[in-house]
Undergrad: 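Take this structure first; my questions come after.
Naming: A, B, ... by sequence-line order, numbering from 1 per chain.
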Protein chains: 2
Amino acid sequence: MARLRENPEVRRAQIFDAAILMLGEQGFNGITVQRLAQRCGVSNAGLLHYFPSKDEILLGVLDELERREADIVVPLIAAAADKASEGAGASRGLVLELLRSMLERFAARPDLGRFLVVMQAEALHREHLANAWFRDREAMTIDLFADLLATLAAEPRRTARQLVALLYGLGQIWLRGDRDFDLLATWDSAVAALIPERR
Amino acid sequence: MARLRENPEVRRAQIFDAAILMLGEQGFNGITVQRLAQRCGVSNAGLLHYFPSKDEILLGVLDELERREADIVVPLIAAAADKASEGAGASRGLVLELLRSMLERFAARPDLGRFLVVMQAEALHREHLANAWFRDREAMTIDLFADLLATLAAEPRRTARQLVALLYGLGQIWLRGDRDFDLLATWDSAVAALIPERR
DNA sequence: TTGATTACCGAACATTTGGTAGATAGCCTT
DNA sequence: AAGGCTATCTACCAAATGTTCGGTAATCAA
């Protein structure tokens, strides 16, 4: 075989992308180390050079994802908090804006969204490899939303759960239906309905 | 091995139940014909006597599910339609009631709910065995909801999608979190917020 | 230039997988 | 009681799977 030696970081990123794509299409047990390797133009053993086992591929992807997400979401929230401190607490408009930007991130990367949707469902089982990861992630998201809604909703945790549920569900419907409706508009209108206007 | 000859319909039902349970836990590619057979107290070949292949197991389960669902949902809607005809069109209260009863069905069978959530996500890919089934089911659900909302919402299809999304998402969060919140109450409050009151 | 490091390969392995073939035994009809 | 039907078994198979091993060549530091 033609032996092409790639920059390790480039190859790692390539594997990361391919794994997200294929895992989103076929699920964890649906993919094969071999097929993933093929898509990366690398042999079976070549792939295992980067991740010691198939399990570690998934865990590695989640790990990397977490890192990248932190880099994006944290500043987003910080910016919102900044604006908020100008006024008094998080205003309704500000929260709506923040929520919208989260969905925009989803809409911008359908492959990533599909990966999350599929793996999240597969990881429902307590003994799934990634159960803890998605559990923690979900708990943090609900906590975050509840905090944002502290002064805006009578029952912040309940409303937070409703918003997260809507996020999951709309994303999935949007993906299944070939994105044949306006995701952002549907989201905005639901969010506006779920977060009562101050009066 | 002890050869226990079971009534075919009983065995079929047993396989159906076991398949729903295991598919919900481990996904389609996560289960094995052998393990499913074991749980049914039958040999590998014994199971294949009922379904000619692994694929047919899933398709058979979906088929059976559809049949049972029709037997439940259709009368439910018919009853609502009956009540509606007494007044003028579907009233808001009636629709809320109908939606609630759908979620009650979900809550009553967590194993079935998990099966649907997991398979639905795995079937997102166009080439998945069950893609068409879930596509059709989703389209029908959205159509049904939109019809119910025809006179209640300014944009019935949009609101319908929001409700379906909420149904998916809340179900999943509820299952992942060990059902540690009041699903029905959370659903009711969201539905009430999403379907505007007539004025 | 040299030597060490490491990205990557081919081949092999044990195990698991979905599926088949033929035998056998429990049930129903007659 | 006899005979057919079929639910179920044991045994088997070819293919696929995750992982390991020893090697090879590209890159980099000295």
Undergrad: Quickly work out the B:Asn7 CG to C:dC28 P distance and round it to whole Å.
TA: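 The answer, rounded to whole Å, is 9 Å.
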Undergrad: Does A:Glu97 have any salt bridge (charged side-chain N to carboxylate O under 4.0 Å, His left out) partners at least two apart in sequence or in another chain, and if so, which?
TA: A:Lys83
Undergrad: Check salt bridge (charged side-chain N to carboxylate O under 4.0 Å, His left out) between A:Glu56 and all other residues, then give those that pass, not counting sequence neighbours.
TA: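 Listed in chain order: nothing, the list is empty.
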Undergrad: Starting at atom CG of A:Asn29, determine the distance to atom C1' of D:dA16, rounded to an integer number of angstrom.
TA: 14 Å
Undergrad: Check whether any side-chain nitrogen or oxygen of B:Ser43 sits under 4.0 Å from OP1 or OP2 of D:dT8, and answer yes or no.
TA: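 For D:dT8, OP1/OP2 do not have a side-chain N/O of B:Ser43 under 4.0 Å.
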Undergrad: Looking at DNA chain D, which of residues 53-63 of chain A put a heavy atom within less than 4.0 Å of it?
TA: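 Of all residues in residues 53-63 of chain A, the ones placing a heavy atom under 4.0 Å from DNA chain D are A:Ser53, A:Lys54.
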Undergrad: Mind checking salt bridge (charged side-chain N to carboxylate O under 4.0 Å, His left out) for B:Arg12 and listing every partner two or more places apart, or none if nothing turns up?
TA: none
Undergrad: May I ask you to list the residues of residues 8-20 of chain B, by number, that have any heavy atom positioned under 4.0 Å from an atom of DNA chain D?
TA: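 B:Pro8, B:Arg11, in order of number.
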Undergrad: Suppose the criterion is salt bridge (charged side-chain N to carboxylate O under 4.0 Å, His left out): which pairs have a residue in residues 34-43 of chain A, not counting sequence neighbours?
TA: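 Every pair satisfying salt bridge (charged side-chain N to carboxylate O under 4.0 Å, His left out) with a residue in residues 34-43 of chain A: there are none.
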Undergrad: Name all pairs fulfilling the salt bridge (charged side-chain N to carboxylate O under 4.0 Å, His left out) condition that reach into residues 148-169 of chain A, sequence neighbours left out, sorted by first residue then second.
TA: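 Residue pairs with at least one partner in residues 148-169 of chain A: A:Asp143-A:Arg157, A:Glu155-A:Arg158.
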Undergrad: Would you please name every residue forming a salt bridge (charged side-chain N to carboxylate O under 4.0 Å, His left out) with A:Asp136, sequence neighbours left out?
TA: none
Undergrad: In chain order, what residues pass the side-chain contact (heavy atoms from CB on, under 4.5 Å) check against A:Arg109, with sequence neighbours excluded?
TA: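 Testing A:Arg109 for side-chain contact (heavy atoms from CB on, under 4.5 Å), a comparison that skips the adjacent residues, returns A:Asp111, A:Leu112.
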Undergrad: Specify the separation, in whole Å, of atom CD of B:Gln38 and atom C1' of D:dT8.
TA: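 B:Gln38 atom CD is separated from D:dT8 atom C1' by 16 Å.
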Undergrad: Can you check the B:Leu47 CG to D:dT6 P distance for me, whole Å?
TA: 19 Å
Undergrad: To the nearest Å, give me how far apart CG (B:Leu36) and P (C:dG19) are.
TA: 12 Å
Undergrad: Walk along nucleotides 20-30 of chain D from 5' to 3' and tag each nucleotide B, S or - by protein heavy-atom contact under 4.0 Å, base first, then sugar-phosphate.
TA: BB-BBBBS---
Undergrad: Let me spell it out: for each of B:Gln34 and B:Glu6, pick the nucleotide of DNA chain D with the closest heavy atom. Which residue's pick is nearer the 5' end?
TA: B:Glu6
Undergrad: Roughly how many Å is it from CG in A:Leu4 to C1' in C:dT6, rounded to a whole number?
TA: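 About 15 Å, once rounded to whole Å.
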Undergrad: Are OP1 or OP2 of C:dC8 and a side-chain N or O of A:Tyr50 less than 4.0 angstrom apart?
TA: yes
Undergrad: Would you say B:Asn131 and B:Leu124 make side-chain contact, with heavy atoms under 4.5 Å?
TA: no
Undergrad: Does the side chain of B:His49 get closer than 4.0 angstrom to OP1 or OP2 of D:dT8 through an N or O atom?
TA: no
Undergrad: Which one of A:Asp188, A:Val191, A:Leu152 satisfies the side-chain contact (heavy atoms from CB on, under 4.5 Å) criterion with A:Leu96?
TA: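 Filter result, single survivor: A:Val191.
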Undergrad: Considering only distance and modelled atom types, tabulate donor-acceptor pairs under 3.5 Å from the side chains of residues 40-50 of chain B, sequence neighbours left out.
TA:
unit_1, atom_1, unit_2, atom_2, d
B:Ser43, OG, B:Gly46, N, 3.1

Undergrad: With salt bridge (charged side-chain N to carboxylate O under 4.0 Å, His left out) as the rule and sequence neighbours excluded, what pairs involving residues 167-187 of chain B come up?
TA: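 Counting only pairs at least two positions apart or across chains, the salt bridge (charged side-chain N to carboxylate O under 4.0 Å, His left out) contacts touching residues 167-187 of chain B are A:Arg126-B:Asp178, A:Arg135-B:Asp178, A:Glu138-B:Arg176.
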